[in-house]
Asks: 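What follows is a single structure, and I will ask about it in a moment.
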Amino acid sequence: MSGNTRDEEVLKRIEREVRMREGASKLLAACSRREQALEASKSLLTCNARILALLSQLQHMRRDQVLQRAGRRPSEDVPPCLGKVSLSDLRIPLMWKDSEYFKNKGELQRCAVFCLLQCGAEIHDTDLVMVDRTLTDICFEGTILFEQAAPSFQLRVELFSSSAAEEFSPAAAAAAPGPRRASCLGGSVGCSSGKKIRAAFESAAACGSSGGGIAGPGGASPPLSPALPPLGPKYHLLADTTLRIEHVQEGFKTHDLSLATTEDNPSWLPLYGSMCCRLAAQPVCMMHPITSGQLEVKLGEELSGCESVHAVLRGQSLLCYRHGEAREAEDEPVLVIPIQRDTTVTQSEADVVHCQTLHLGTRRQGERVTFALRAPTPEDTRRWNRAISRHVHDMNQWKQCSDGPMQIEAQSSKNVLPAKQRSLYHEIVTPSSPGEGHVVPDLSVEIRTLLSCYYKENY
């Protein structure tokens with residue numbers, strides 16, 4: 001894909017987020033209920049974060065293009081394959097005082113919370129959850145999936161909170177002035193898109209500076225404009241953490257949180273200082289065939305008595321079938337050669353004339369063995385050499401994620417949430433009243449429906 005095409009795709013995504021932001025701002029000004037305003041304000045904060053991340057991505061792409069035009073490559077290293085990264089079943093424990101939780105004393109504190117998750121320029125948000133002292137932990141159900149993650153990914157998780165006790169004035173939200181214009185982007189975007197994107201950037205940066213913000217992929221935030229007046233309910237950053245490839249493993253794991261808010265903040269919650277989730281990864285090189293073709297294979301470095309097979313390089317194996325039809329029929333392979341992170345592939349010194357033989361060193365049943373591979377032509381030999389070497393390189397970059405397939409569930413859609421999450425203690429000790437069985441309509445669906453209607457009317 002050419003640089004101009006990629007630029008256009010990023011610009012289209014930015015323009016889409018700009019329209020989303022404009023729609024959320026109009027809806028926020030029109031909200032008559034605090035629940036609606038909380039959802040609209042959450043959508044606004046998410047759009048701001050996505051705009052900043054996309055602008056940072058566009059800046060990096062333009063920098064690489066300048067380096068290429070100057071005759072310098074951004075990096076001489078071969079980039080590793082991408083993969084999927086998923087985070088699911090996120091739990092954040094709370095630590096209430098005994099008098100508040102068990103004796104139900106003190107002022108009832110109620111907050112609306114959600115998480116913002118960023119990996120590169122891709123940003124997702126969780127559902128909004130209402131939290132009070134009847135909860136022992138904050139639960140975000142479902143799976144959040146990042147489709148284009150590199151092995152050097154940094155998945156930033158931020159927890160935001162807004163006090164439900166704060167006064168909400170629809171008139172104040174409607175009267176809030178729009179963003180001030182400036183020209184901090186210069187000529188980095190085209191004239192047709194520049195005005196809207198520039199205005200959105202300034203407002204997004206200002207909102208990011210007041211609410212904790214999301215840094216760009218490189219970890220540094222773009223230059224921020226002066227703070228703008230708050231529009232509707234204000235979310236505060238409670239805590240954050242950054243997950244990397246070393247945190248990936250099967251099952252649940254606890255991760256430390258960096259707390260960002262003190263107790264005097266009305267949106268503060270008594271966080272325990274950790275979160276629990278399942279972080280999984282699927283490198284593309286482990287899920288799809290890398291290459292295939294005819295090979296002559298034999299255990300040992302000599303090719304006498306070798307067997308002709310149809311070989312397929314996939315995952316942790318070089319699968320050898322008697323012929324291509326057996327592979328299509330999903331028959332069992334006649335030979336499976338393990339491919340691990342310490343596998344080596346070298347050109348045979350005994351075949352310097354034809355250059356059609358490779359030696360594949362690997363571990364099999366705990367012992368180090370060598371297989372001789374012979375391709376029909378020197379071109380095929382070079383292709384197999386490049387494919388196996390690149391595959392082993394990708395496996396080393398993805399580390400433990402390439403040691404075996406990890407299951408990743410499909411990304412969950414926004415679900416209808418119950419009126420209140422309840423801890424196990426309250427489910428057992430305090431019976432539910434007849435009026436507590438109802439379900440509150442999903443306001444995020446309502447907001448998206450209104451946004452869709454707004455787009456049809458204005459674009």
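Small disclaimer: the values here were computed from a predicted structure and weren't measured.
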Asks: Taking side chain to side chain contact (heavy atoms under 4.5 Å, CB included) as the test, write out the residues that go with Thr362, two or more places apart.
Replies: Ile337, Pro338, Gln340, Thr343, Val369, Phe371
Asks: Can you name the side chain to side chain donor-acceptor pair (under 3.5 Å) partners of Gln316, sequence neighbours left out?
Replies: none
Asks: Quick one: list whatever passes salt bridge (Lys or Arg N to Asp or Glu O under 4.0 Å) with Asp89, sequence neighbours left out.
Replies: none
Asks: Report the residues that fulfil side chain to side chain contact (heavy atoms under 4.5 Å, CB included) with Ala280, sequence neighbours left out, ordered by chain and then residue number.
Replies: Ser86, Arg278, Met406, Ile408
Asks: Can you name the nearest heavy-atom pair linking Thr357 to Gln347, along with the distance?
Replies: O-NE2, 3.2 Å
Asks: Under the ring-ring contact (aromatic ring centres under 6.0 Å, His included) rule, collect the residues that match up with Tyr321, sequence neighbours excluded.
Replies: none
Asks: Which heavy-atom pair separates Phe114 from Asp127 by the least distance, and what is that distance?
Replies: CB-O, 3.7 Å
Asks: Among residues at least two apart in sequence or on other chains, which ones pass ring-ring contact (aromatic ring centres under 6.0 Å, His included) with His255?
Replies: His247
Asks: Once salt bridge (charged side-chain N to carboxylate O under 4.0 Å, His left out) is applied, what residue pairs with a partner in residues 384-404 remain, sequence neighbours excluded?
Replies: Arg341-Asp403, Arg390-Asp394
Asks: Of all residues at least two apart in sequence or in a different chain, which pass the side chain to side chain contact (heavy atoms under 4.5 Å, CB included) check with Ala387?
Replies: Ile290, Thr291, Leu313
Asks: List for me each residue that meets side chain to side chain donor-acceptor pair (under 3.5 Å) alongside Ser389, sequence neighbours excluded, and say none if there are none.
Replies: Asn385
Asks: Ignoring hydrogens, what is the shortest heavy-atom contact between Ala149 and Phe153? Give both atom names and the distance.
Replies: CB-CB, 4.3 Å
Asks: Verify, without hydrogens or angle tests, whether Asn48 (side chain) and Leu44 (backbone) share a donor-acceptor contact under 3.5 angstrom.
Replies: yes
Asks: Applying salt bridge (Lys or Arg N to Asp or Glu O under 4.0 Å), can you list everything that pairs with Arg244, at least two apart in sequence or on another chain?
Replies: none
Asks: Under the rule for salt bridge (Lys or Arg N to Asp or Glu O under 4.0 Å), what residues qualify as partners of Arg383, not counting sequence neighbours?
Replies: Asp380
Asks: Could you work out, with side chain to side chain donor-acceptor pair (under 3.5 Å) as the rule, every residue matching His323, not counting sequence neighbours?
Replies: Glu325
Asks: In terms of heavy-atom contacts, does CZ of Arg322 have more than 12 from other residues, nucleotides or ligands at under 6.0 Å?
Replies: no
Asks: When rounded to the nearest 0.5 angstrom, what distance separates CG in Leu27 from OG in Ser41?
Replies: 12.0 Å
